[in-house]
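Let me begin by presenting the structure, written as structure tokens, before commenting on it.
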Number of protein chains: 2
Amino acid sequence: MDLPSGYTADSEIDDEGMDPVWLQLAAILVARIEAGRYPTGRAIPSLNQLRQEFGVARGTIVKATNYLAELGRVRAVHGRGVFVLPQD
Amino acid sequence: MDLPSGYTADSEIDDEGMDPVWLQLAAILVARIEAGRYPTGRAIPSLNQLRQEFGVARGTIVKATNYLAELGRVRAVHGRGVFVLPQD
DNA sequence: ATTCATTTGTCCGTATGTATA
DNA sequence: CTATACATACGGACAAATGAA
């Protein structure tokens with residue numbers, strides 16, 4: 001599973017598009033990380049905040065952040081948040 | 001989202017029913033408030049006590065009390081409790 | 001001033017049921 | 001039949017406010 005290209009920090013979720021919502025969300029979050037909008041070492045917005053902003057379900061956001069964790073871009077800490085990791 | 005009717009102060013949570021658990025709980029709590037079992041100005045039982053009595057998860061109770069707060073029936077005070085408000 | 005228990009608030013992880021494509 | 005997505009629910013962990021010792 002590869003991160004789709006063509007998504008920016010300000011992209012909106014396209015429910016009709018080819019890419020699954022969770023993968024679009026992952027791509028947008030990476031764009032925001034690389035734009036410095038979510039700085040290294042800091043937490044990205046919480047599940048509830050992302051849920052409000054993008055209007056998607058909890059599970060969908062978890063799926064996106066789990067994927068980013070697999071890619072080594074973030075690390076989720078139970079009870080604290082999802083933190084942006086420095087790149088190798 | 002409307003409060004479902006048909007729940008009394010002594011109703012039990014029905015996991016198989018039509019209504020979500022958090023909404024059933026909200027309806028039961030309102031019934032207890034209106035029955036005077038939880039008097040105005042006093043705190044309802046704590047999250048842990050409600051958790052024990054009803055056997056539901058923390059988040060479910062918070063969801064119910066948040067809803068009652070939206071309805072103006074209670075006001076939660078951090079570190080103190082959830083207090084029954086006088087009705088307009 | 002510190003410690004401790006209690007309580008609410010807020011996180012993420014996971015699982016289940018339902019609906020849809 | 002599988003993948004996606006949503007709502008619900010449980011669990012565990014961390015944080016902050018309060019009040020009492």
Side-chain angles (χ1 to χ4, degrees), chain A residues 1-4 7 12-29 33 38 41-85, chain B residues 1-4 7 11-29 38 41-85:
Chain A
M1 186 71 71
D2 275 347
L3 206 52
Y7 293 91
E12 290 179 5
I13 301 289
D14 175 14
D15 214 342
E16 315 281 317
M18 322 248 169
D19 300 312
V21 171
W22 66 268
L23 200 52
Q24 295 181 50
L25 181 56
I28 293 171
L29 294 179
I33 288 170
Y38 300 155
R42 298 259 304 275
I44 69 174
S46 73
L47 295 190
N48 274 340
Q49 288 174 317
L50 292 175
R51 198 170 64 78
Q52 284 196 4
E53 176 180 357
F54 291 101
V56 298
R58 271 183 68 88
T60 304
I61 297 168
V62 171
K63 206 161 185 176
T65 55
N66 280 347
Y67 179 59
L68 295 189
E70 281 180 25
L71 295 183
R73 306 304 302 250
V74 301
R75 173 156 154 261
V77 182
H78 206 154
R80 304 268 329 266
V82 177
F83 295 87
V84 178
L85 292 178
Chain B
M1 185 71 72
D2 277 345
L3 257 191
Y7 293 92
S11 291
E12 290 180 6
I13 300 288
D14 175 14
D15 214 343
E16 315 280 318
M18 321 246 173
D19 300 312
V21 171
W22 66 268
L23 199 52
Q24 294 182 50
L25 181 56
I28 293 171
L29 294 179
Y38 300 154
R42 299 259 304 274
I44 69 174
S46 73
L47 297 189
N48 274 340
Q49 288 173 319
L50 292 175
R51 200 170 63 77
Q52 284 197 3
E53 176 179 357
F54 291 101
V56 298
R58 218 190 134 70
T60 304
I61 297 168
V62 171
K63 201 161 186 176
T65 56
N66 279 347
Y67 179 59
L68 295 188
E70 280 178 25
L71 294 184
R73 306 303 303 248
V74 301
R75 173 155 155 263
V77 182
H78 201 154
R80 305 253 342 256
V82 177
F83 295 87
V84 178
L85 292 178

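The chains referred to below are lettered A, B, ... by the order of the sequence lines, with proteins before strands, and numbering in each begins at 1.
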Return the CD1 to CD1 distance between A/I33 and A/I28, rounded to the nearest 0.5 Å. 12.5 Å
When the nearest nucleotide of DNA chain D is assigned to B/V21 and to A/G55 on a heavy-atom basis, which residue is associated with the more 5' position? A/G55
Using every non-hydrogen atom in the two residues, find where B/A64 and B/A26 come nearest and quote the distance to one decimal. CB-N, 4.0 Å
Can you tell me the distance, in whole Å, between the CH2 atom of A/W22 and the P atom of D/dA3? 12 Å
Starting from the C-alpha separation in whole Å, work towards a yes-or-no answer on side chain to side chain contact (heavy atoms under 4.5 Å, CB included) for A/Y67 and A/L3. CA-CA 9 Å; A/Y67 179 59; A/L3 206 52; 3.6 Å; yes
Look up atom CG in B/L29 and atom CG in B/L25, then write down how far apart they are to the nearest 0.5 Å. 4.5 Å
side-chain hydrogen bond (donor to acceptor under 3.5 Å, both in side chains) contacts touching residues 50-65 of chain B (sequence neighbours left out): B/R32-B/E53
Atom CG of A/L50 to atom C1' of D/dA5: distance rounded to whole Å? 16 Å
Using every non-hydrogen atom in the two residues, find where A/L50 and A/P45 come nearest and quote the distance to one decimal. CD1-O, 3.6 Å
Looking at CG of B/D19 and CG of B/D2, how far apart are the two atoms once the value is rounded to the nearest 0.5 Å? 11.0 Å
For B/L47 and D/dC10, give me the distance from atom CG to atom P, rounded to whole Å. 14 Å
Residues passing the ring pair (Phe, Tyr, Trp, His ring centres under 6.0 Å) test with A/Y7, sequence neighbours excluded, are none
Rounded to the nearest 0.5 Å, what separation is found between the CH2 atom of A/W22 and the CD atom of A/Q24? 11.0 Å
Once you round it to whole Å, what is the distance between P of D/dA7 and CG of A/N48? 12 Å
Euclidean distance, atom CD of residue B/Q52 to atom C1' of D/dG11 [Å, nearest integer]: 16 Å
Whole-Å distance, A/D15 CG to D/dC6 C1', equals 11 Å
Below 3.5 Å is the cut-off: list the nitrogen or oxygen pairs between protein and nucleotides 18-21 of chain D, distance only.
none

Does anything in residues 57-69 of chain A come within less than 4.0 Å of DNA chain C? Heavy atoms only, and list the residues if so. A/R58, A/V62
Quick one: list whatever passes ring pair (Phe, Tyr, Trp, His ring centres under 6.0 Å) with B/F54, sequence neighbours left out. none
Nucleotide range of DNA chain C contacted by chain B, 5' to 3', under 4.0 Å to a heavy atom? C/dT7 to C/dT10
Compare every heavy atom of B/L85 with every heavy atom of B/V74, then report the nearest pair and how far apart it is. O-CD1, 3.5 Å
